Q: 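Okay, handing you the structure first.
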Amino acid sequence: DNQIRFVKSALWYHGYGRPQLYRLPSDGSAGSRELLLTFSWLLHRLGLLEQLLARNRVKTGDETSVCTCEDDPPNSQKGMTEIAPEYGLEDRVDVRYLQWLNGRLRLQWRSLHAQHQEQCKLLHKIHLFTSGSHTDQILGHFSVTETDLVRQPENYKQLLQLLESETMQLEAFLEWKQLEPVYWHWMETVLDNTVEEGNTCESWDAHVEKSGLPKATSGCPWADDLTGQIDRLSRDLMTLRDRLHELVTHRKAAWCEKVKAGEEELQKEGFFAAARKIQESVELKLRDLTYLCAPKSHKAHGAYRLVFRSKQPASRTGSGRPASREPVSAVGATEVIRELQMRGASLERELKQLQEECRQRLGEIAEGLNGVICVSP
Amino acid sequence: EELELLNRALEKALKVRKSILKTPLEAQGATAEKSAAATSSSKGLTCKQGRSHRTTSSNRELCAPAEPQKTPGMSQSALTEQKSFSIEDSDRGKNSVAAGKQLLDAGKKSCGFLGESSKKEDPTSEGALGRSTSPREVTLQEKGCQLKLPLPYRKAYSRNSRAWERCCLCQTSADAAAARNRFIERIQTTVSFLGSPPPSMSTRPAEIEEELKALKDVPALLSQYVEAEPADHPTLQREYESLLTLEGLQTTVSQCLHKLQLLQGDCAGDVGGCSAGCVPPRGQTCDSAGMLAVPLLCYSSSQELRDLFALKLQVSMLHQEIALQKIMMAELLPVLESRLYPETSAAQLYRAIYTQLCEGGKRFPVLVRDELAD
């Protein structure tokens, strides 16, 4: 029953519109034709086959991801307050426990950092030393798995099997692509049949109608969560808007004064001629900005294979490899580093802002404390 | 006795392999093991010439330590720090001639490159390599460019990568695409018996979340732009430019707010279709064709790789810190504000909370008792 509800909510989330599906009873006893239609819809909407192939891909390389998205679990807000007070009889926490936890966290971060650095050194060594050995010229060197494979081939029988079964899956996928027209034509006929029979079934559906469909308009947790997010974002944007409003009015006033005072000056500087150009350049600048504000997925969220390419391109291409054969897209580490730096900087600013807010509030509290003055470090 | 036999057998195997493979291995080996380093430029030339006499010299080196060497490769345990391992293992059972030819080519190609890079390796690791316990185990540094993946893996890998390529390149036939689109359209426009309109592209919950995610970064981004505009300008033109920019930013903010309102409306509209116990999954609807290739992330130096990982960790840490900060603010500040704690520990509590919230737990404020001078 839970599974069925989950499936229905997932379909709703992705925008599936056929109510007949949602009306299906929760015990899975009826509706295989509807399910077939839904499955076909999903095939297209989510690119199911491609996603499955991509997600289950056999990993032979050293992989990492580049996206900076927060991986917050869906219940992060609710989970926290439930987990916290598990200890303590009076349902209170000693702040020193908090300090200790914090210290531990930082220690873990530091050791993680050290381990990462160590891993990088080793990865680089392997990549460097095995350069020129890989049959795939684009990669050019082995990954850790492949190097170990050379050492101990007998450990990797499973990998081989996985590779081969994946190849079979890929070939099946290609066959599917050949047969695709047949499938979709067939689905159309299925849809035709349902439409024909639709009217006769309505009476039967009527009594399950109520149970399948929602009544709660205010109880939807997704909507609540989203509304909360929208509110917070609105608040931020409105503060920004007010601040900008202030700035602009102020500046505009100053500007108008200047213009009035020195009109001849402006003529001399050839100002009006340049004004047009200035407008255009500002437009350009802002167009970049609006592009950034729009939703886009130009960076894949998945895994990338790490490949070492030294900066001297001429050193290794002995066998006249055609330079343009790059069916796989490649991203340079410099770019990613730059983006990460920007992201890091903006996150730091956000953190500092929060800390500043805390400082203010604590300052107010301090005034209420008797006999104590707080001197900040 | 036994050891002697083993050593001799090993020696023979090495000699045989070396003459077949004809790799400039001795040259690399010599660099690591001998303190006098051959210059990389002349390495390519001396490779072939030096081979003959180098073979004998390194063979002698190999014979010399008659210490009990474990049977080569067999009892070797985990990967050591310098990645030393025995070549015998991997070469066993391979078609030596064919392998030899390919190795020669590979070796030649990367000879110059590797020579260069082995010179660049910091002297400490080189020294360590030279001091590796068993000379029979050759390090990855020397042999790495000549390694071969085992044949079954190579075959499987190449079949696999060709299959992936074909899948990436294959397109949906026009006929199929047309039929599919017709089908999807018809499903989407199925009229509900209750009369509520079907969800259109832009009001799907998935899309709403995506738009929201994109908008989330806007305040921070725009603030940066605002900060970037200085308060004073040398010329009138600059001032004009600045003013225009700020006005443009203002319009953008209003547009974003408007978008938010629309999203809010869509969100409310969608609730009608939401079922009571919904826990929507956060899937990603990426472009399906583009997903089939694993993209490469190319780095060009060890430093870059390390920076990359360090930055990733930093961004992740910052995310966590921000989340923690928000939660702590929500939990701790009310404690202080509500004065429910015992008076005696007020100061300590305040100090601790201040440190956590304002200084990230690193620095402590000083609390001074405010005593009126009598």
Side-chain angles (χ1 to χ4, degrees), chain A residues 9 13-15 17-19 47 50 54 70 95 102 116 120 124 129-130 132-133 150-151 153 163 167 170 177 180-181 184 187 214 220 222-223 236-237 241 244 248 251 278 282 286 293 295 304 307 309 311 315 318 328-330 333 340 344 346-347 354-355 358-359 365 371 373 375-377, chain B residues 90 109-110 113 140-141 144-145 147 150 156 159-160 163 175-176 179-180 183 190 192 198-199 204-205 210 214 219-220 241 244 246 248 250 253 257 271 274-275 278 280 288 291 293 295-300 302 304-306 309 311 315 318-319 325 336 352 357-358 361 363 365-366 368 370:
Chain A
S9 75
Y13 179 78
H14 284 290
R18 247 176 104 76
E50 288 87 350
E70 295 173 51
V95 75
N102 195 55
H116 275 170
C120 287
H124 178 72
F129 296 161
T130 59
S133 309
V150 172
R151 276 180 74 229
L163 264 183
T167 312
L170 290 172
K177 278 303 208 193
E180 231 188 321
W184 293 114
M187 291 315 299
C220 174
W222 174 81
D236 290 340
L237 280 177
R241 181 188 61 183
L244 268 176
V248 169
R251 292 276 194 95
I278 296 181
V282 169
L286 292 176
C293 290
Y304 282 70
V307 166
R309 295 232 176 114
K311 282 222 170 83
S315 64
V328 181
S329 62
L340 283 173
S346 92
L347 283 174
L354 285 173
Q355 288 178 338
C358 286
R359 224 169 263 135
I365 295 176
I373 297 181
V375 178
S376 56
Chain B
S90 52
K109 244 189 282 177
S110 36
F113 171 81
L140 186 64
Q141 179 178 16
C145 60
L147 291 179
R159 268 202 299 258
N160 183 278
D175 187 22
R180 182 191 64 200
F183 171 75
T190 303
S192 148
R204 287 183 215 176
E210 263 189 56
E241 189 179 341
L244 281 183
L246 286 176
Q250 217 182 2
V253 174
L257 273 172
V271 172
C274 158
S275 54
C278 78
S288 54
M291 264 197 273
L296 301 178
L297 178 55
C298 304
Y299 68 98
S300 56
S302 170
E304 252 195 357
L305 187 62
R306 276 182 276 149
F309 273 75
L311 281 172
V315 167
L318 281 169
H319 272 144
Q325 180 82 13
L336 279 181
L357 288 180
C358 305
R363 297 182 302 177
V366 174
V368 176
D370 180 17

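The basis for the numbers below is simple: all heavy atoms, side chains too, and nothing from hydrogens, waters or symmetry mates. Every chain is numbered from 1, with letters handed out A, B, ... down the list of sequences. Just so it is clear, the structure is predicted and the values come from calculations on it, not from any experiment.
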Q: Find the distance between CD (B/Glu304) and CZ (B/Phe309) and round it off to the nearest 0.5 Å.
A: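 CZ of B/Phe309 is found 12.5 Å from CD of B/Glu304.
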Q: Please rank A/Thr167, A/Val95, A/Leu170 by heavy-atom pairs under 4.5 Å with chain B and give me the top one.
A: A/Leu170
Q: Counting distance only, does the side-chain N/O of A/Arg359 pair as donor-acceptor with the main-chain N or O of B/Cys358 below 3.5 Å?
A: yes
Q: Please classify the contact of A/Leu354 with chain B as side chain, backbone, both or neither, using a heavy-atom distance under 4.5 Å.
A: both
Q: Counting heavy-atom pairs under 4.5 Å to chain B, which of A/Leu286, A/Ile278, A/Leu244, A/Val307 comes out on top?
A: A/Val307
Q: Tell me, side chain or backbone of B/Gln250 under 4.5 Å from chain A's heavy atoms, or both, or neither?
A: both
Q: How far apart are the closest heavy atoms of A/Tyr304 and B/Leu297, and which atoms are they?
A: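 Minimum heavy-atom contact is CB-CB, 3.8 Å.
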Q: Given a strict heavy-atom distance threshold of 4.5 Å, which part of A/Val282 is in contact with chain B: side chain, backbone, both, or neither?
A: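 Contact with chain B: side chain only.
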Q: Nearest 0.5 Å, please: how far is CD in A/Glu180 from CZ in B/Arg180?
A: 6.0 Å
Q: Calculate, to the nearest 0.5 Å, the distance between atoms CG and CZ belonging to B/Leu311 and B/Arg306 respectively.
A: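 Answer for the CG-CZ pair, B/Leu311 versus B/Arg306, is 13.0 Å.
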